[in-house]
Every structure is written in structure tokens, then in C-alpha cells.
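Input: one structure, supplied below.
Just the heavy atoms: all of them, side chains too, but no hydrogens, waters or symmetry mates, feed the values below.
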There are 2 protein chains.
Amino acid sequence: MGLSERKEREKLEMREMILSAAKRLFIREGFDSVTIRRIADEIEYSPATVYLYYKDKDSILCALQETGFRELSRRMEVLSSIAHPVDRLKASGKIYCDFALENREMYDLMFIMRAPMNALPSPEEWTVGRHSYELLQSTVQDCVDGGHISTPDAKIATFALWALMHGVVSIFIRERAPMIPADQHSRIISKIMEFSLANVVK
Amino acid sequence: MGLSERKEREKLEMREMILSAAKRLFIREGFDSVTIRRIADEIEYSPATVYLYYKDKDSILCALQETGFRELSRRMEVLSSIAHPVDRLKASGKIYCDFALENREMYDLMFIMRAPMNALPSPEEWTVGRHSYELLQSTVQDCVDGGHISTPDAKIATFALWALMHGVVSIFIRERAPMIPADQHSRIISKIMEFSLANVVK
DNA sequence: ATTATTTGCTAAACTATGTTCAGTAAATAA
DNA sequence: TTATTTACTGAACATAGTTTAGCAAATAAT
């Protein structure tokens with residue numbers, strides 16, 4: 001009988017309901033509105049029910065974070081149509097930073113907040129995030145191979161470039177540069193990319 | 001009569017008691033142990049009393065953060081004895097990152113957490129942090145003036161260098177690079193500084 | 001068809017947090 | 001000696017995440 005299959009399917013549908021309710025709240029009202037009770041309201045079940053489908057809140061945030069990584073990956077797909085590795089590298093940086101500034105709270109959840117990391121399945125099953133990172137790494141490697149970046153270690157260069165971008169956007173997102181008004185963030189990022197790549201890329 | 005003076009002094013002493021209790025808890029048991037009730041226990045007063053000396057918890061965290069900035073500034077003092085701007089720049093980076101890795105939670109409070117920023121007196125009275133930043137900026141300016149860094153805008157270069165360092169340490173502190181074990185953080189940072197300065201500094 | 005069991009769900013409670021407020025007792029002023 | 005101000009606190013409020021005991025309906029067994 002296909003009973004257990006149906007049960008399995010219903011369980012997945014419920015998880016999906018919870019996740020999309022969480023996402024709706026997150027998008028519409030921000031991170032602080034994503035509470036177990038609000039999610040429960042949204043799906044018209046009791047708070048305790050949520051715990052029958054997700055171990056804890058951090059697991060929900062982890063699943064939510066994953067949707068963010070998927071969206072970022074999706075945006076990175078255009079890179080495959082850019083032949084020159086330097087152009088590809090520049091485009092990577094722009095896509096990354098644009099994503100961060102356009103989805104500040106999601107970026108925060110993905111790269112800054114502690115909570116979702118407490119629920120990572122395992123240190124290795126970090127697949128969604130790793131995919132984007134390996135894409136960047138291969139772009140940098142292409143730059144090195146093409147003689148556009150000179151370094152003995154492409155992995156270090158990759159990490160440095162990521163760190164630079166993450167550094168800038170996280171300073172803005174967590175408001176550590178109050179001297180710079182928000183409407184200039186995008187411009188400053190462009191200038192920083194310009195400066196850095198001018199020195200790194202030949 | 002010096003009565004109001006005494007009152008004023010006692011008020012300051014009480015604020016100091018609360019702050020040092022908070023700091024003690026922070027150092028000994030970590031951020032999560034810094035609760036109003038634990039602070040109250042520590043100073044042997046009731047939780048409500050704490051609110052007679054600090055507006056809210058964020059104000060206490062803000063004051064705590066300030067002690068961190070003072071310590072960082074203190075560590076930066078050795079820079080004045082380094083004549084060559086490039087050496088000074090390298091030393092700045094090392095001091096900054098060493099501080100971050102040796103005082104992860106304090107760094108977190110200073111540069112990552114939202115809470116203490118909610119209690120900033122004003123956007124301008126950011127004096128403690130700005131002092132360190134201006135020091136870095138003048139070092140970078142010296143590098144530019146000496147022809148060691150080529151850029152049309154020393155301010156952008158300064159911001160980029162800070163962002164790079166902040167990026168790396170905050171990735172580590174918030175555990176976004178699980179592929180890199182903690183005992184290699186310091187080594188990776190050295191390599192990144194090496195790579196970046198090799199390209200930026202002549 | 002009836003009984004037993006499992007499943008899905010929930011009301012209520014528990015713990016912990018930041019925070020407020022009414023009231024008390026001591027210090028000060030009148 | 002009385003009035004007032006000051007310093008403090010107990011108790012409560014609101015909001016979290018989370019757990020547990022139990023109920024009712026769906027399913028399985030007899």
C-alpha cells in the first residue's frame with residue numbers, strides 16, 4: 001500500500017509550509033518577526049506542531065539560509081557566459097555585493113548570524129555554499145593560469161578576495177561605518193573593487 | 001556643601017561597578033552570561049537597580065565595547081615607534097588581527113554584534129573607534145605619499161585594507177570557513193596579508 | 001464491526017530574558 | 001520633629017524557545 005509514501009509526502013509538504021511561512025515573514029517583516037509562534041500563526045497550527053517537523057528554530061533558519069544560497073547560486077549562473085576570467089572575476093564580485101546590498105537580512109543570515117550554523121547537518125554537507133565558493137576559486141585559478149594574477153597560491157587569493165567583499169558589505173550591514181551614508185555603499189564598493197583589482201590584476 | 005559632589009561620585013562608582021561586573025562575566029563566562037540578572041547578582045543588587053544607572057542592556061554593552069576599543073588603541077601605541085610607513089601598515093594589520101583572534105567575543109561585540117550600536121551616544125561621538133581608524137588612514141596616506149601605494153584615493157585604500165582584515169577575522173569568528181581548522185587561522189591571515197600587500201605595496 | 005494502537009496535534013506549562021512600576025525604608029531637608 | 005527626596009527592590013509584564021501530558025482522529029488488528 002502507498003500509505004507510508006503518502007505520509008512521507010505529507011511530512012515533506014508540512015516542512016515546506018513551515019519553511020515558506022518563515023520565508024514570508026522574513027521577507028515581509030524581517031528577521032525579528034520570524035518566531036515559532038508567528039510561523040505557527042501563519043500556517044494555522046500550534047507552536048508545538050512546528051517542532052514535529054523541525055528540531056528547533058535554528059534548523060528553520062538553516063533551511064531559510066539555504067534558499068538564500070540557492071538564489072545567490074542562481075545569480076551566479078550568468079558567469080558561465082563570460083569568457084575572460086578577469087571579467088568573470090569582476091562580475092562575481094558585483095553579483096555578490098549586489099546580492100548583499102539588495103538582501104541585507106538574508107546576507108546577514110547567510111554569512112554573519114550565528115544561529116543557522118548551529119543546525120548545519122555536518123561540516124561537509126555545506127554543499128550549497130561550497131558550490132559558489134568553488135566557482136570563485138576556479139575563476140581565480142583561471143586568472144592565475146592566464147597570468148592575470150600573480151600568486152603562488154590561488155586558494156589564498158580566492159579567500160582574500162572573498163574576505164574583502166565580505167568585509168565591506170558586512171561593515172555596511174552591521175553599521176560599522178556610520179560616516180558613510182547608506183546611499184553611497186554601492187559606490188564605495190565599486191571603488192574598492194577598482195582599487196583592489198587594479199593592484200592585483202594585470 | 002560637597003553633598004551633591006559625593007552623590008555624583010557615588011553614581012559614577014556604581015556605574016563602574018556594573019560595568020566591571022559585566023566585564024568580569026564577559027571575560028570569565030562569555031557573552032551569553034552577561035545578563036541583567038547575573039550582573040545584579042555579581043554586584044549584590046537587584047536587577048531593577050541596574051536600570052537606575054544604565055538606560056538598558058545595550059548601553060552596558062556599548063560601554064563594554066568601549067573598553068575593547070581602548071585596549072585595541074593601547075596595542076596600537078607601539079606603531080608610533082615604527083618609522084617606515086609600510087612596516088607600520090604591516091604591524092597595524094598584525095596587531096588588529098591578533099587582537100581579534102585573542103579576544104574573539106570582544107571583537108565580535110566591537111565589530112559584528114548589533115546590540116551595542118543601538119546605544120551609541122551619537123553618530124559622531126564614535127571617538128574611540130575613529131581614533132584607531134584615523135591612525136590607519138594616516139599610515140596609508142604616508143604610504144601613498146612615499147610612493148609605496150599607488151592610488152588616487154587613500155581613503156578608499158584605507159577602507160579596503162580594513163575591510164580585508166575585518167573580512168577574514170569575521171569569517172573565522174562567525175565560523176563561515178569550516179573547512180579551515182581554528183589552529184590555522186593565524187597562518188592563513190599571514191598569508192592573506194602577504195598576498196595583498198605584495199600586490200598593493202611596492 | 002469492534003477494539004486496540006498508532007499518529008498528528010495542541011493547551012498549557014517551564015525556563016529565561018529584558019524591562020517597568022508601585023511601594024518601602026533610609027537619608028536628607030525643612 | 002516632620003516633610004520630602006533618594007536609593008532600592010519585589011513582583012510583575014511581555015516575549016522568547018521549548019517540552020510534556022493528553023486528546024481525538026486515523027489506522028491496524030481481531
Side-chain angles (χ1 to χ4, degrees), chain A residues 1-19 21-22 25-26 29-65 105 109 113-120, chain B residues 1-19 21-22 25-26 29-65 105 109 113-120:
Chain A
M1 46 180 149
L3 195 150
S4 63
E5 281 91 336
R6 195 199 73 202
K7 287 286 170 73
E8 197 56 38
R9 182 163 26 90
E10 285 177 348
K11 184 131 190 165
L12 285 177
E13 280 167 8
M14 192 67 159
R15 280 178 67 91
E16 188 48 41
M17 270 196 75
I18 290 168
L19 183 57
L25 286 167
F26 187 79
E29 305 182 36
F31 178 77
D32 290 345
S33 293
V34 183
T35 70
I36 301 290
R37 283 172 176 83
R38 295 279 273 113
I39 291 171
D41 278 355
E42 202 76 7
I43 63 174
E44 296 177 290
Y45 282 84
S46 87
T49 301
V50 176
Y51 287 89
L52 300 174
Y53 298 90
Y54 282 95
K55 186 186 163 293
D56 54 22
K57 189 185 175 180
D58 290 349
S59 303
I60 300 175
L61 294 180
C62 189
L64 197 53
Q65 174 194 71
E105 283 204 303
L109 187 66
M113 286 186 204
R114 278 251 155 72
M117 304 310 276
N118 298 334
L120 274 194
Chain B
M1 48 183 147
L3 196 151
S4 63
E5 280 91 335
R6 195 198 74 202
K7 287 286 171 72
E8 198 56 37
R9 182 165 24 93
E10 286 175 350
K11 184 133 189 166
L12 285 176
E13 281 167 8
M14 191 67 159
R15 279 177 68 92
E16 187 49 40
M17 270 196 75
I18 291 169
L19 183 57
L25 287 167
F26 187 79
E29 305 183 36
F31 178 76
D32 291 346
S33 293
V34 182
T35 70
I36 301 291
R37 283 172 176 81
R38 296 279 273 111
I39 291 171
D41 279 355
E42 202 76 8
I43 63 174
E44 297 178 288
Y45 282 84
S46 88
T49 301
V50 175
Y51 287 88
L52 300 174
Y53 297 91
Y54 282 95
K55 187 186 163 293
D56 54 22
K57 189 185 175 181
D58 290 349
S59 303
I60 299 175
L61 294 179
C62 189
L64 197 53
Q65 174 194 70
E105 283 205 302
L109 186 67
M113 286 185 203
R114 279 250 154 70
M117 304 310 275
N118 299 334
L120 274 194

Check: OH of A/Tyr54 versus C1' of D/dG17: gap in Å, rounded?
Finding: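 In whole Å, D/dG17 C1' and A/Tyr54 OH are 17 Å from each other.
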Check: For A/Met17 and C/dG8, what is the distance between atoms CE and P respectively, to the nearest whole Å?
Finding: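 Checked: the CE to P distance equals 16 Å.
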Note to self: Under the rule for side chain to side chain donor-acceptor pair (under 3.5 Å), what residues qualify as partners of B/Glu42, not counting sequence neighbours?
What the structure shows: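 Counting only residues at least two positions away or on another chain, B/Glu42 forms a side chain to side chain donor-acceptor pair (under 3.5 Å) with B/Arg24, B/Arg28.
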Check: D/dT9 phosphate, OP1 or OP2: any side-chain N/O from B/Thr49 under 4.0 angstrom?
Finding: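 Yes, within the criterion.
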Next item on the list: Figure out the CD1/P separation between A/Ile43 and C/dG8, and round it to whole Å.
Entry: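 It is 15 Å, rounded to the nearest whole Å.
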Check: Under a 4.5 Å cut-off applied to non-hydrogen side-chain atoms, are B/Arg38 and B/Glu29 in contact?
Finding: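 Counting from C-beta outward, B/Arg38 and B/Glu29 do come under 4.5 Å.
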Note to self: Could you check whether any side-chain N or O of B/Lys57 sits under 3.5 Å from a backbone N or O of B/Val34, counting only pairs where one atom can act as donor and the other as acceptor?
What the structure shows: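 Judged by distance alone, yes, a pair lies under 3.5 Å.
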Next item on the list: Estimate the overall bend of the helix from C/dA1-D/dT30 to C/dA30-D/dT1 from the end axes over five pairs each, rounded to 10 degrees.
Entry: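 Rounded value for the end-axis angle: 20°.
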Note to self: Can you measure A/Met14 atom CE to C/dC9 atom C1' for me and round it to whole angstrom units?
What the structure shows: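 About 8 Å, once rounded to whole Å.
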Check: What's the CG-C1' distance between A/Leu52 and D/dG22, to the nearest Å?
Finding: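 So the two atoms are 14 Å apart, to the nearest Å.
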Item checked: Side-chain touch B/Thr49/B/Met14, heavy atoms, less than 4.5 angstrom ->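 The answer is yes; the side chains approach within 4.5 Å.
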Just the table, please: protein N/O against nucleotides 15-19 of chain C N/O, every pair under 3.5 Å.
residue	atom	partner	partner atom	Å
C/dG18	OP1	B/Lys57	NZ	2.8
C/dG18	OP2	B/Ile36	N	3.1
C/dG18	N7	B/Arg37	NH1	2.7
C/dG18	O6	B/Arg37	NH2	2.9
C/dT19	OP2	B/Tyr51	OH	2.7
C/dT19	OP2	B/Lys57	N	2.9
C/dT19	O5'	B/Tyr51	OH	3.2

Notebook entry, point to check: Which part of the nucleic acid, if any, lies within contact of A/Tyr53, taking any heavy atom under 4.0 Å across all strands shown: a base, the sugar-phosphate backbone alone, or nothing?
Noted result: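 It contacts sugar-phosphate atoms only.
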Notebook entry, point to check: Measuring from A/Ile18:CD1 to A/Leu64:CG, what's the distance to the nearest 0.5 Å?
Noted result: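 Rounded to the nearest 0.5 Å, the CD1-CG separation comes out at 13.0 Å.
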Margin query: With rounding to the nearest 0.5 angstrom, report the CG to CD distance, A/Asp58 to A/Gln65.
Written below: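 The distance works out to 10.5 Å.
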Checklist line | Side-chain heavy-atom pair B/Met17, B/Tyr53 within 4.5 angstrom cut-off | finding: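 Not in contact.
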Next item on the list: Provide, to the nearest angstrom, the distance between the CD atom belonging to B/Glu10 and the C1' atom belonging to C/dA26.
Entry: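 Answer to the nearest Å: 13 Å.
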Note to self: Can you measure A/Ile18 atom CD1 to C/dC9 atom P for me and round it to whole angstrom units?
What the structure shows: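 Atom-to-atom, A/Ile18 to C/dC9, this comes out as 9 Å.
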Notebook entry, point to check: Whole-Å distance between D/dA7 C1' and B/Tyr45 OH?
Noted result: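 After rounding, the reported distance stands at 9 Å.
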Next item on the list: Give the intermediate values and the outcome of side chain to side chain contact (heavy atoms under 4.5 Å, CB included) for residues B/Ile36 and B/Tyr51.
Entry: CA-CA 9 Å; B/Ile36 301 291; B/Tyr51 287 88; 3.5 Å; yes
Checklist line | Heavy-atom check, side chain of A/Asp56 versus side chain of A/Asn118, under 4.5 Å | finding: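 Sidechains of A/Asn118 and A/Asp56: no contact.
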